[in-house]
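The shown structure was predicted, so the numbers you read here are calculated from the model rather than taken from an experiment.
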Amino acid sequence: MAAKHAVSDFPYPDQENQVMKAWERLVCGVGLSADVVRNVIERSWARCHSAGVDAAARRAPSPTSDEGFGRLLHRFRDVIDVGVPVMEQVRESLSESGTIMILTDPSGVILKTEGDPATLEAAEDVRLVNGANWDELVCGTNAIGTALSLK
């Protein structure tokens, strides 16, 4: 029953215009229309809005310095040692799939990416790259940050 409900909460492609209007209403201070977006997205939008996250941001902030990233890699060596071999095993399956796999630290900083080369290249435009912080309260509602916020 719960799984069926979760699937039914996803907006249909023709609802994208409604979703964008709902976002604009929230950003302009009018509030959210009921039942336009999934509850998980609505709560994320509210957290980000309350925290003053820049609604106009189109990408994550610049990645951490090489030195800072090196410290993160050292700190999370155990996670990387377990995760990277799995990522390497699926590299070929992800190739030409239009998808990528991302390993982050607990705060949302990307430690490693793997996947379709064209998608990885496109991801650079929004700084979905090693060392970039995708915490929800840093760059808004996104899969990485929202998943971490929900634990």
Side-chain angles (χ1 to χ4, degrees), residues 1-24 26-27 36-49 51 53-151:
M1 181 75 128
K4 183 177 181 183
H5 178 70
V7 172
S8 67
D9 283 345
F10 283 96
Y12 294 97
D14 61 340
Q15 290 178 311
E16 186 174 350
N17 192 35
Q18 287 178 306
V19 171
M20 292 309 300
K21 285 181 182 177
W23 171 247
E24 290 169 8
L26 175 70
V27 171
V36 176
V37 296
R38 294 176 287 145
N39 288 336
V40 68
I41 302 302
E42 183 177 336
R43 288 190 302 268
S44 173
W45 284 2
R47 281 190 302 273
C48 294
H49 187 68
V53 176
D54 182 3
R58 298 282 183 222
R59 58 185 171 167
S62 295
T64 188
S65 68
D66 289 342
E67 183 179 317
F69 186 62
R71 283 193 302 271
L72 279 175
L73 293 177
H74 179 72
R75 181 174 176 202
F76 294 102
R77 175 60 36 211
D78 291 346
V79 173
I80 294 166
D81 288 347
V82 170
V84 169
V86 173
M87 295 174 83
E88 289 172 351
Q89 286 177 352
V90 298
R91 178 184 296 140
E92 190 172 323
S93 298
L94 294 175
S95 179
E96 298 183 31
S97 70
T99 61
I100 58 177
M101 182 181 286
I102 299 171
L103 179 66
T104 74
D105 77 355
S107 71
V109 176
I110 297 174
L111 301 173
K112 172 79 172 145
T113 59
E114 190 65 70
D116 178 62
T119 305
L120 286 168
E121 185 177 331
E124 291 176 11
D125 291 342
V126 294
R127 293 192 179 133
L128 200 54
V129 297
N130 293 347
N133 186 344
W134 280 84
D135 181 275
E136 190 180 69
L137 299 183
V138 171
C139 57
T141 301
N142 68 86
I144 296 168
T146 302
L148 291 170
S149 289
L150 298 175
K151 306 214 182 315

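In this structure the side chain of T113 never reaches within 4.5 angstrom of the side chain of L128, judged on heavy atoms. Contact annotation: the side chain of W45 approaches that of V37 to within less than 4.5 Å [non-hydrogen atoms, C-beta and beyond]. Here the side chains of T119 and T99 are not in contact, with every heavy-atom distance at 4.5 Å or above. Between I110 and T104 the shortest side-chain heavy-atom distance falls below 4.5 Å. You'll find the side chain of T146 reaches within 4.5 Å of the side chain of R47, heavy atoms only.
S149 approaches E136 most closely through the heavy-atom pair OG-OE1, 3.0 Å.
Rounding to the nearest 0.5 Å places CG of N133 at 12.5 Å from CZ of R127. Of the inter-residue distances, the one linking E121 atom CD with D116 atom CG reads 10.0 Å to the nearest 0.5 angstrom. Atom CZ of R43 is separated from atom CZ of R38 by 10.5 Å, given to the nearest 0.5 angstrom. With rounding to the nearest 0.5 Å, the separation of CG in L94 from CD in E114 is 7.0 Å. Taking OG of S107 as the reference point, atom CG of L137 lies at 11.5 Å (rounded to 0.5 Å).
By the 6.0 Å contact criterion, CD on E88 is enclosed, its count of non-hydrogen atoms from other residues, nucleotides or ligands being greater than 12.
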Practice item. Give the intermediate values and the outcome of side chain to side chain contact (heavy atoms under 4.5 Å, CB included) for residues T141 and I41. Key: CA-CA 7 Å; T141 301; I41 302 302; 4.2 Å; yes

Result block: side-chain N/O donor-acceptor pairs under 3.5 angstrom for residues 69-79, not counting sequence neighbours:
{"from": "R71", "atom 1": "NH1", "to": "E67", "atom 2": "OE2", "distance (Å)": "2.9"}
{"from": "R77", "atom 1": "NH1", "to": "D81", "atom 2": "OD1", "distance (Å)": "3.3"}

